[in-house]
Amino acid sequence: MVSMWCPGPGPGSVEDDLISYVAGQVARYKKVRRVEFTDFVPRSATGKILRRELRARERSSTAP
């Protein structure tokens, strides 16, 4: 059986809805703590996600 997530109608946070959905689907230690939406995911020429660029972006956005 495949379970799909869809944001509910009306006011509410999509992030909170997504976090609560994942919490019901996975083990407690795998729960999502934070959700961040982005328009662009950096990829290499072979199509792999460049995690080092995502980490650098995260560090630069949280820097004081």
Side-chain angles (χ1 to χ4, degrees):
M1 180 170 105
V2 175
S3 179
M4 298 290 293
W5 175 79
C6 183
S13 172
V14 174
E15 293 88 358
D16 293 338
D17 291 344
L18 185 58
I19 289 171
S20 65
Y21 172 76
V22 172
Q25 300 295 316
V26 300
R28 192 178 77 202
Y29 70 93
K30 293 183 179 182
K31 286 166 102 174
V32 176
R33 294 178 185 88
R34 186 177 53 136
V35 177
E36 182 177 326
F37 296 100
T38 182
D39 294 329
F40 174 73
V41 176
R43 294 184 180 264
S44 69
T46 59
K48 293 182 179 182
I49 296 174
L50 297 175
R51 291 181 180 90
R52 66 180 177 271
E53 288 189 21
L54 290 174
R55 287 184 196 112
R57 189 186 311 173
E58 178 68 21
R59 275 186 248 121
S60 67
S61 68
T62 59

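What you see is a predicted model; the values in this text were computed from it and never measured.
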Should Phe37 and Val22 be regarded as members of a common hydrophobic cluster, given that ILVMFWY residues are connected when their side-chain heavy atoms come within less than 4.5 Å of each other, either directly or indirectly?
-> yes
Under a single-linkage definition using a 4.5 Å side-chain heavy-atom cutoff for Ile, Leu, Val, Met, Phe, Trp and Tyr, are Leu18 and Val41 assigned to the same hydrophobic cluster?
-> no
Residue among Arg51, Glu53, Arg52 satisfying side-chain contact (heavy atoms from CB on, under 4.5 Å) with Pro42 | Glu53
Below 3.5 Å, can you tabulate the donor-acceptor pairs from side chains in residues 26-36 to any protein atom, sequence neighbours excluded?
from	atom 1	to	atom 2	distance (Å)
Arg34	NH1	Glu58	OE2	3.1

Would you name the heavy atoms of Phe40 and Arg57 that are closest together and state the gap between them?
-> O-NH1, 3.3 Å
